[in-house]
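In what follows, a single structure is set out as structure tokens and then discussed.
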Amino acid sequence: MNLPQRSPNQDLPWLDEAVFLNSGGQEKQLCVKVFRNLGILARVALVFSRRGFDISKLEFNPAHEEGLANLELSFPANETQMEEVIRDLRRIVDVISITISSDS
Amino acid sequence: MKTLTGAQVLVKELEQLGVTHVFGYPGGAAINIFDALYDSSIKFVLARHEQGATHMADGFARASGKIGVVLVTSGPGALNTVTGLLTAKMDSVPILVISGQTNSTNLGKDAFQEADVFGATLPVVKHNELVLDVNQIPKQLKKVYQIATNGRPGPVLLDIPKDVSGAPLNCKIKSVSEQPPKQINLAADQRPNLIKMAELINQSERPLILVGHGAIIAEADPEVAQLSDLIEAPVTNTLLGKGCFSEEHPHSLGMLGMHGTAYANYATTRCDMILSIGSRFDDRINGKNDEFCEGAKKLHIDIDPTEIGKVVKPDAFICADAKIALKHLLPLLKPKDGSEWLKELFNYRERHPLTESKQESPNLAAYQVIDALYSLAPDDTIVTTDVGQHQMWAAQHFLSKTHRSWLSSGGAGTMGFGFPAAIGAQLAMPNKPVVCIVGDGGFQMTQCELATAAKEKLPVKILIIDNKYLGMVRQWQELFFDNRLSGVELDDNPDFVTLAKAYGMKGFFINQSEHVHEVLSEALAYDGPCLIHALVALEENVFPMIPAGKSAKDIVLKQPKTQLAKPTGST
Ligand SMILES: Cc1cc2nc3c(=O)[nH]c(=O)nc-3n(C[C@H](O)[C@H](O)[C@H](O)COP(=O)(O)OP(=O)(O)OC[C@H]3O[C@@H](n4cnc5c(N)ncnc54)[C@H](O)[C@@H]3O)c2cc1C
Ligand SMILES: Cc1ncc(C[n+]2csc(CCOP(=O)(O)OP(=O)(O)O)c2C)c(N)n1
Ligand SMILES: [Mg+2]
């Protein structure tokens, strides 16, 4: 089907600017091992959006173990913000482990 | 092996899990499950709104310690439970909401009464699941049940499309539910923490015990009492910790925090050690973190590792069930002589009693009504409250003696909670007296449940503290915003006694102090649900009060003569 490619903001160009999300601090990286259960990505994303934190990079890869996946996340955060993110991620039932990547 | 529908298996599994009551509201997407309930021994309680049903399940759970179960239909039905889920999440209450969903083939097509209930409830549950295969119903039900009731309890939701609940399922229902055995040992990695904590307790001279809701969930009341006895330590409690340690005990300082007693808050400025047992150091008790119990060693027992160090950095902690932790801690402790420390607090209390802020007035004061209720109510009375000034007066003046006898929405502060929670509590505890203390504002948010109480003939006693205001907000506007009253007047309240009559209920009215005892006695003795409309002084304020964001030293003990600075803390 050849449907028109219309952006909902087409007539409101000033709405096209993204609102800048600022969480301050340096780029941090986490690797989160999860059960590949429904909604896992949404659960992880909510940890950031509820605080107004940004995610700069996200990768979702199946893990060697069946039914598991590795989520690689990069985001700007200071130490306290990082701690908060980790604490909240730990509350997700389907999160198995969290490792802080060495280069961050 | 018999072929049943997914819905029938679901209901049988609920029976196996020991579920006796389901609260809810029907609709097309849940109709298979309602049909299965027809043949079940489970009692279905029809609420008049799904929010009410969810608070009923919550009250049932808080009163009994068992899971509360809700059954609703898709779309608007399911979304009406969101406030109830949040309320349970904030206060760690195990409830299970089962929602019907549109046929799985229709998902994402804006089908009739479709809502992304899984997505919408993500932030307000401990866990939720969408069932896409009828064969997974038993497994997913058990999973969410275990999650709700284990570790730190919390609400869960199971969303079941109509075609899934209607599909056939070959399944053996096991006659005994497999529950993991209750843990009684302390995890090995907590041993060193235990020893460190014992040392710090043994070293302290002015210890203070803070009991929270977690101590009630753990049923640690005997251990808390032993601890206070052994080290002769005063005990304060959070709003939700009321009843774990009897507030009538001479060691009890009553509630801590924003509207806690002057003496409990004073104790935090003088103690050299504070041990929190199952409290999460909410900002209502710890308005200013760097001044909270300054200089004191801070010890924390909590089952949830993500609570340790979240607000207060502890000098020692044990991450375990409070009862288990205390059982292991007690043998390591040395008895103490706390007489001097207790005397200091007692003297302070003499100077600053709770009645300090009360002025002579011809009008009936809310606290007088609550005091009278407290003196008349039997010892095993369960009190539920709504949210606002009346909640704080009730917390201060209705002392709690046993655990699970005080049910109040703390973390979410959900107006409309008190009355339906009382209905749930009464169903869980049919032989105990249940009284709910509600405000004129909050009661009207879920007053439609009068029909439920009347239909079920539940003898709940509803005490409406009517100040014709959204009193708690009016208090803030008076104290911090130049008394510019904005959106808080309730001068068009209905005649609550007539309202009760409309539901076939008995109604009482009081507005004079000399009648309070007589009317309350009659109401408490009344066989059946009844409502007491207490018209009280309109513009009274709750004290003590620590302005949000301030520390215990900034406590305001009575009506200030001048305007207070706008609080820096939120809400
Ligand atoms: C208008 C208003 C005013 C308020 N004013 C005050 C006030 O003055 N003072 C006050 O105290 N509160 C007040 N509150 C309530 C406050 O907002 C919090 O809800 C309350 O302080 C939280 O108490 P808690 O930490 O004991 O319970 P919860 O919030 O329920 O936390 C329970 C803690 O126990 C842990 N836990 C659970 N199970 C176990 C277990 N088995 N073993 C060990 N730990 C466990 C949990 O992980 C959690 O950390 C007010 C609320 C309202 C609406
Ligand atoms: C659902 C909901 N909406 C708004 C609030 C904000 N709020 C907190 S207390 C309060 C006033 C409650 O008034 P009322 O029920 O009459 O009790 P009172 O304070 O007068 O005793 C309000 C509006 C809330 N807690 N919950
Ligand atoms: Mg009011």
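Just so it is clear, the structure is predicted and the values come from calculations on it, not from any experiment. Quick note on labels: first sequence line is chain A, next is B, and so on, each numbered from 1.
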Inter-chain polar pairs, chain B versus chain A: which donor-acceptor atoms lie under 3.5 Å apart?
residue, atom, partner, partner atom, Å
B/Asn128, O, A/Arg43, NH2, 3.0
B/Asn128, OD1, A/Arg43, NH1, 3.0
B/Asn128, OD1, A/Arg43, NH2, 3.2
B/Thr306, O, A/Arg87, NE, 2.8
B/Thr306, OG1, A/Arg91, NE, 2.8
B/Thr306, OG1, A/Arg91, NH2, 3.3
B/Glu307, OE2, A/Arg91, NH2, 2.9

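Once rounded to the nearest 0.5 Å, the distance linking CG of B/Leu210 with CD1 of B/Ile301 reads 11.0 Å.
Scanning for side-chain hydrogen bond (donor to acceptor under 3.5 Å, both in side chains) contacts around B/Thr81 gives an empty result, with sequence neighbours left out. Looking at residues two or more places apart in sequence or on another chain, you find no ring-ring contact (aromatic ring centres under 6.0 Å, His included) involving B/Phe118.
With a 4.5 Å cut-off on non-hydrogen atoms, A/Leu46 touches chain B through its side chain but not through its backbone.
Taking the six-membered ring for Trp and the full ring otherwise, A/Phe75 and A/Phe48 have centroids separated by under 6.0 Å.
Screening residues 77-88 of chain B for salt bridge (charged side-chain N to carboxylate O under 4.0 Å, His left out), with sequence neighbours left out, gives no hits.
Although no hydrogens or angles enter the test, the distance criterion places no donor-acceptor pair under 3.5 Å between the side chain of B/Asn193 and the main chain of B/Ile318.
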